[in-house]
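Have a look at the structure below, then the notes.
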Amino acid sequence: MTQWLIPPPETPSLPIVGSDHRYAVRRILCVGQNYADHAREMGADPDRPAPFFFSKPAMALVTDGRDPAYPSMTGNLHHEVELVLALGEGAAIIGMAVGCDLTRRDLQAEAKARGRPWDAAKGFDQSAPCGALTPGSGPEASAGIRLSVNGEGRQSARLSDMIWASHEIVEQAARLWNLGPGDLIFTGTPAGVGPVRTGDRVEAVVEGLAPLSFTMGPPWT
Ligand code: MN
């Protein structure tokens with residue numbers, strides 16, 4: 001029996017709609033710029049051939065209706081509503097959820113300008129609020145994806161607006177990683193990203209999935 005120097009950390013996980021079981025998460029892959037209008041607002045060409053990926057640690061998840069803390073070292077925290085895929089054996093999509101890819105936009109802009117990695121901009125603690133996992137193959141392509149802040153609509157699109165559809169994203173990611181149970185994929189965000197401040201109420205929806213809502217907490221202490 002393994003003797004741990006320090007007790008192992010808790011396994012990050014998502015609740016599942018209609019079940020007492022939980023989905024254990026081992027990593028989070030994220031797609032950059034998967035909606036043409038958001039790619040344009042970020043100054044990129046949306047017609048480029050392949051999606052690109054970055055990642056967040058599994059421990060970045062914020063689940064079960066908890067509120068994320070406002071991260072340190074940023075004055076421009078942004079929301080990005082995203083469809084989240086949960087994978088099972090053989091990289092099959094076994095369920096979907098609504099996620100928010102919280103981003104230190106100022107640090108991301110600096111990283112882009114200097115050709116540096118995005119970890120501090122994207123992979124910080126509590127950077128991945130995520131709703132409950134809805135089992136199944138997900139909503140229709142015509143389903144709406146929306147995010148509001150304090151009741152004001154910020155992002156609104158349809159899943160059919162994604163440049164790369166869910167199964168195509170999994171195919172592309174499977175060329176780069178040995179995908180399997182515990183892998184979440186955030187599939188990119190539509191246009192309308194913008195700032196979130198302490199006290200803001202964020203409500204994110206993908207029609208057909210359990211919604212995600214949180215109030216942005218006070219700064220880290
Ligand atoms: Mn994103």
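The shown structure was predicted, so the numbers you read here are calculated from the model rather than taken from an experiment. In each ligand, atom 1 is the first atom listed, and ligand 1 is the first ligand listed.
N34 and T187 form no side-chain donor-acceptor contact under 3.5 Å, judged by distance and modelled atom types alone. Checked by atom type, the side-chain pair T74/R104 shows no donor-acceptor distance below 3.5 Å.
At least one cation-pi condition fails for R201 and F214: the charged atom is not both under 6.0 angstrom from the six-membered ring centre and inside a 45 degree cone around its axis.
Taking distances strictly below 2.8 Å, the protein N/O/S atoms close to the Mn ion (ligand 1) are E80 OE1, E82 OE2, D101 OD2.
Ring-centre distance between Y35 and W164: not below the 6.0 Å cut-off.
For A174, the side chain to side chain contact (heavy atoms under 4.5 Å, CB included) test picks out L179, with sequence neighbours left out.
Taking 4.5 Å as the limit, some side-chain heavy atom of R154 sits within range of a side-chain heavy atom of H79.
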